[in-house]
Amino acid sequence: MSDTQHSCVIIGIAGASASGKSLIAQTIYEELVAELGAGQIGVITEDCYYRDQTHLTMEERVKTNYDHPNALDHDLLVQHLSQLVKGDAVAIPQYSYTEHTRMSEVTPFAPRRVIILEGILLLTDSRLRDLMDASIFMDTPLDICLLRRLVRDVQERGRTMDSVLKQYQKTVRPMFLQFIEPSKQYADVIVPRGGKNRIAIDMLKARIRHMLIG
Ligand code: CTP
């Protein structure tokens with residue numbers, strides 16, 4: 001992390017599935033947007049960059065390992081972040097967890113002073129790490145993550161309990177151990193207990209303000 005003023009501050013938040021990444025990202029966003037003003041801060045989710053699978057059948061799509069780095073189009077994410085840093089707007093793909101592919105719609109995203117990036121595999125890619133001004137790893141216990149994921153995927157992502165548990169054993173947990181947990185070494189800050197960690201939120205907000213002022 002440098003102490004110079006940044007034209008665009010990029011904060012990366014990684015960690016296991018359902019570790020609280022989107023909660024902490026959203027909390028920092030909501031609390032800072034009041035100070036910085038609308039359009040000055042935004043959140044980008046790595047999940048929007050899952051590869052397009054419209055050419056595959058549903059049967060083929062469910063077999064994809066969504067926790068392996070190859071499932072994500074990091075080339076496009078790197079390209080979009082580089083464009084935003086330069087001051088150009090981008091069109092972020094929209095993703096459907098029920099269709100397991102990209103939708104035809106996109107979300108226009110204008111350049112802004114602060115971008116909070118959140119996603120499981122962000123810290124595994126050196127190009128993304130290089131673009132980040134600060135990186136965070138949510139170190140939430142895996143049993144808590146599994147409980148949250150089970151409830152969320154059944155309630156919000158159209159899954160059955162059986163399918164969530166099978167996927168967890170087959171890919172989610174092994175890929176966490178192989179790729180996500182080792183990427184913790186690259187984080188500047190490791191946050192225990194989850195997305196409601198008030199001291200971590202306040203420290204991150206203070207750091208963002210500091211980087212904006214220089
Ligand atoms: N995933 C899936 N099916 C897809 C695409 C993704 O089941 N078609 C799952 C992957 O298995 C991966 C997870 O989505 O583990 C990534 O999203 P996750 O990190 O759980 O959600 P966030 O809301 O970004 O994070 P958090 O729960 O930490 O807030």
Side-chain angles (χ1 to χ4, degrees), residues 11-30 42-74 77 92-103 107 115-125 128 135-181 183-184 187 190-197 200-201 204:
I11 307 291
I13 304 177
S17 168
S19 57
K21 301 178 297 296
S22 47
L23 177 61
I24 198 164
Q26 202 54 36
T27 306
I28 294 170
Y29 168 80
E30 279 165 19
V43 178
I44 296 181
T45 301
E46 186 189 36
D47 292 9
C48 296
Y49 293 83
Y50 271 115
R51 289 187 195 281
D52 184 31
Q53 299 199 117
T54 37
H55 57 290
L56 300 180
T57 63
M58 188 52 105
E59 207 177 36
E60 290 167 327
R61 290 180 203 173
V62 292
K63 287 188 191 145
T64 300
N65 179 349
Y66 293 100
D67 292 80
H68 191 282
N70 289 349
L72 286 147
D73 189 351
H74 275 177
L77 178 55
I92 298 181
Q94 287 185 20
Y95 187 76
S96 164
Y97 298 100
T98 42
E99 299 297 325
H100 301 281
T101 192
R102 274 188 202 161
M103 302 284 87
T107 308
I115 294 171
I116 305 172
L117 257 184
E118 69 92 1
I120 51 173
L121 290 156
L122 291 173
L123 293 181
T124 65
D125 191 319
L128 292 171
S135 54
I136 287 100
F137 189 94
M138 301 301 292
D139 207 10
T140 312
L142 273 195
D143 56 343
I144 303 292
C145 296
L146 173 58
L147 286 175
R148 286 191 192 142
R149 177 165 171 137
L150 192 52
V151 174
R152 179 198 65 195
D153 282 9
V154 170
Q155 286 180 355
E156 297 169 24
R157 295 190 181 176
R159 310 290 165 88
T160 61
M161 196 167 112
D162 189 48
S163 81
V164 177
L165 294 179
K166 279 198 179 121
Q167 186 190 7
Y168 186 81
Q169 279 177 291
K170 197 171 170 212
T171 55
V172 179
R173 190 171 185 279
M175 296 300 102
F176 172 81
L177 297 175
Q178 191 176 341
F179 294 106
I180 303 171
E181 192 176 40
S183 76
K184 182 163 57 172
I190 295 170
V191 175
R193 296 191 299 278
K196 290 184 187 162
N197 186 325
I201 293 165
L204 290 167

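Indexing begins at 1, ligand by ligand and atom by atom, following the structure's order.
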Residue, atom and distance of the protein heavy atom nearest atom 1 (N) of ligand 1 read Y66 CB, 3.8 Å
Can you tell me the protein heavy atom closest to atom 17 (O) of ligand 1 and the distance?
-> D47 OD2, 3.0 Å
Please confirm whether Y66 and H100 have ring centers closer than 6.0 angstrom.
-> yes
S19-ligand 1 polar pair, N/O distance under 3.5 Å = yes
Identify the closest protein heavy atom to atom 14 (O) of ligand 1: which residue and atom is it, and at what distance?
-> R157 NH1, 3.1 Å
Does ligand 1 have a heavy atom under 4.0 Å from the side chain of E118, from its backbone, from both, or from neither?
-> side chain
Side chain, backbone, both or neither: E46 near ligand 1, heavy atoms under 4.0 Å | neither
Note: ligand 1 atoms sitting under 4.0 Å from heavy atoms of H100 are 3 (N), 4 (C), 8 (N)
Under 4.0 Å from one or more heavy atoms of Q167, ligand 1 contributes atoms 2 (C), 7 (O), 11 (O)
Can S17 and D67 be counted as having a side-chain donor-acceptor contact under 3.5 angstrom?
-> no
Is any side-chain N of the basic residue among R148 and D143 closer than 4.0 Å to the acidic one's carboxylate O?
-> no
Check whether the side chains of Q167 and R149 place a donor and an acceptor atom closer than 3.5 Å, and report yes or no.
-> yes
Atom 19 (O) of ligand 1 has as its nearest protein heavy atom K21 NZ, 2.8 Å
Option nearest atom 29 (O) of ligand 1 (shortest heavy-atom distance, choices S22, C145, A71, G158) = S22
Around atom 13 (C) of ligand 1, find the nearest protein heavy atom and jot down its residue, atom name and distance.
-> R149 NH1, 3.5 Å
Find out whether F176 and L142 are in side-chain contact, i.e. whether some heavy atom of one side chain is under 4.5 Å from a heavy atom of the other.
-> yes
Does D47 offer a backbone N or O that forms a donor-acceptor pair with the side chain of T45 under 3.5 Å?
-> no
Report yes if G20 has an N/O atom closer than 3.5 Å to an N/O atom of ligand 1; otherwise report no.
-> yes
Among all protein non-hydrogen atoms, which one is nearest to atom 20 (O) of ligand 1, and what is the separation to 0.1 Å?
-> S17 OG, 2.6 Å
the protein heavy atom lying closest to atom 21 (O) of ligand 1 turns out to be R152 NH1, 3.1 Å
Short side-chain to backbone donor-acceptor contact, E60 and T57, under 3.5 Å | yes
Should the pair R157 and Y97 be classed as cation-pi, given the thresholds of under 6.0 Å to the six-membered ring centre and 45° from the axis?
-> yes
In ligand 1, the atoms that come under 4.0 Å of a heavy atom of I120 are 12 (C), 15 (O), 19 (O)
A18: numbered ligand 1 atoms lying under 4.0 Å from its heavy atoms = 20 (O), 26 (P), 27 (O), 28 (O)
Exercise: do H74 and E46 side chains pair donor with acceptor under 3.5 Å | yes
Ranking R61, R173, R159 by closest non-hydrogen atom to atom 7 (O) of ligand 1, top hit is R159
Exceeds 12 heavy-atom contacts within 6.0 angstrom, atom CZ of R61 | yes
Side-chain heavy-atom pair K166, M161 within 4.5 angstrom cut-off | no
Among protein heavy atoms, which lies nearest atom 11 (O) of ligand 1, and at what distance?
-> D67 OD1, 2.5 Å
